[in-house]
Amino acid sequence: EVRLAEPGDTITVRSGTYEESVRINVPDLSLEGPNAGINGDSDERGDEATITDANGRSEINAASVTIDGLSFEFGEQAIRSGGGVDSLITNSRFELTDSTSNGYAIRTEESSTGIDVTDNLFTGITSDVESDNVNGVVVRDPNGTRIAGNIFSDVDTAVNIGSKSDDTASGTVSVENNEFSGITQFGAVLVNNPDTSLDVDVNNNTIQSSEVGVFTFNADDQATFSIQ
């Protein structure tokens, strides 16, 4: 848990491997690694600050949090946002270390709207078990969420929107300028149970060498999809 921090503070994380998870309960806090401001797939990145916790996950429980320039190696879950309204996860790397998983790199719950996930690298996020499904980004209530400029390479399901159990998918979500390759399960973009107020904008993405591009599950005939 981040302690002794005040709203508006920036915490700098030096390069190295940290065998722990991070819990952020302070709003308007920035957590910056040595590669802050550098795209997740850039050759210009230097030594990483790697968060590795095979059995745990990092948590965002406050609004307007920024995570920039870190690396996450995870066994089941990397980051869960339970209250990170208007937060930003950017310029980071995510890689699964276990051979079997039903987890995710990033998951935002219904209480976490307006999340931006930008310029990250998601790679090797697949399970050896055919019935498993590992996700890059899971967005339970996508209202105001933007997923842009990321690279998803060898991922079971890249972007998973909504919930199979109820109609939580509402509002506006933008998936734009991403690169998807080697998507093996439910698509580059999976939309579950969208209700009539959901507006999905899938724009200017590159999808190649993948089983499915965009997949909808129980889509309402009044939900709006824009795919360009």
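Judged purely by atom type and a 3.5 angstrom limit, Ser92 uses its side chain to pair as donor or acceptor with the backbone of Leu70. With hydrogens and angles ignored, the 3.5 Å screen pairs a side-chain donor or acceptor of Asn150 with a backbone N or O of Val117. A donor-acceptor contact shorter than 3.5 Å links the side chain of Arg45 to the backbone of Asn39. Within the 3.5 Å criterion, the main-chain N or O of Asn203 finds a donor-acceptor partner in the side chain of Asn205. Under a 3.5 Å cut-off, the side chain of Asn160 and the backbone N or O of Asn135 do not form any donor-acceptor pair. Using modelled atom types, one side-chain atom of Ser58 and one backbone atom of Val22 make a donor-acceptor pair closer than 3.5 Å.
Across all their heavy atoms, Ala5 and Ile11 have their closest contact at CB-CD1, 4.3 Å. Residues Ile147 and Phe152 come closest through the heavy atom pair CG2-CZ, 4.3 Å. Annotation for Tyr104 and Phe74: closest pair O-CE1, 3.3 Å, computed over non-hydrogen atoms. What you find for Ile38 and Asn91 is that their closest heavy atoms are O-CB, 3.1 Å. Residues Arg14 and Ala49 share a closest heavy-atom pair of O-CB, 3.3 Å. The two residues Ala158 and Ile183 come nearest to each other via the heavy atoms CB-CD1, 4.1 Å.
Residues Asn35 and Glu48 have side chains that bring a donor and an acceptor to within less than 3.5 angstrom of each other. Using modelled atom types and a 3.5 Å distance limit, the side chains of Thr157 and Asn133 yield a donor-acceptor pair. Checking Thr17 against Thr50 by side-chain atom types alone, no donor-acceptor pair falls below 3.5 Å. In this structure, a donor-acceptor pair under 3.5 Å is present between the side chains of Asp156 and Thr184. Side-chain contact, Glu176 with Ser174: a donor N or O sits under 3.5 Å from an acceptor N or O.
Taking 4.5 Å as the limit, some side-chain heavy atom of Tyr18 sits within range of a side-chain heavy atom of Val13. Counting only heavy atoms from C-beta outward, the side chains of Ser87 and Asp116 never approach each other to under 4.5 Å.
Separating the CD1 atom in Ile125 from the CZ atom in Phe94 is a distance of 8.0 Å, to the nearest 0.5 Å. Note that CD1 of Ile51 is 8.5 Å distant from OG of Ser71, once rounded to the nearest 0.5 Å. With rounding to the nearest 0.5 angstrom, the CZ atom of Arg57 is 13.5 Å from the CD1 atom of Ile106. Atom OG1 of Thr90 and atom CD1 of Ile67 lie 11.0 Å apart (nearest 0.5 Å). Atom CD1 of Ile115 is separated from atom CD1 of Ile89 by 6.5 Å, given to the nearest 0.5 angstrom. We find the OG-CG distance between Ser30 and Asp9 to be 9.0 Å, quoted to the nearest 0.5 Å.
With hydrophobic clusters built from ILVMFWY side chains whose heavy atoms lie under 4.5 angstrom apart, Val202 shares a cluster with Val137. Linking ILVMFWY residues whenever their side-chain heavy atoms come closer than 4.5 Å, directly or via other members, leaves Val159 and Leu121 in distinct clusters. Taking hydrophobic clusters as Ile, Leu, Val, Met, Phe, Trp and Tyr residues chained together by side-chain heavy-atom distances below 4.5 Å, Val175 shares a cluster with Ile207.
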Start with the C-alpha distance between Val134 and Leu96, add both sets of side-chain angles, then the distance that settles side-chain contact (heavy atoms from CB on, under 4.5 Å), and finish with yes or no. CA-CA 9 Å; Val134 199; Leu96 183 71; 4.2 Å; yes
Between Glu95 and Thr97, does the side-chain contact (heavy atoms from CB on, under 4.5 Å) criterion hold? Intermediate values first, please. CA-CA 6 Å; Glu95 184 173 5; Thr97 56; 5.6 Å; no
Residue pair Arg93, Glu73: steps toward the salt bridge (Lys or Arg N to Asp or Glu O under 4.0 Å) verdict: CA-CA 8 Å; Arg93 290 184 169 186; Glu73 296 180 355; over 6 Å; no
Begin from the C-alpha positions of Leu88 and Thr118 and carry the test side-chain contact (heavy atoms from CB on, under 4.5 Å) through to its verdict. CA-CA 8 Å; Leu88 171 65; Thr118 65; 3.7 Å; yes
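A salt bridge between Arg80 and Glu59 is present, with a side-chain N of the basic residue lying under 4.0 Å from a carboxylate O of the acidic one.
For Glu20, the CD atom is densely surrounded, since the number of other residues' heavy atoms within 6.0 Å is greater than 12.
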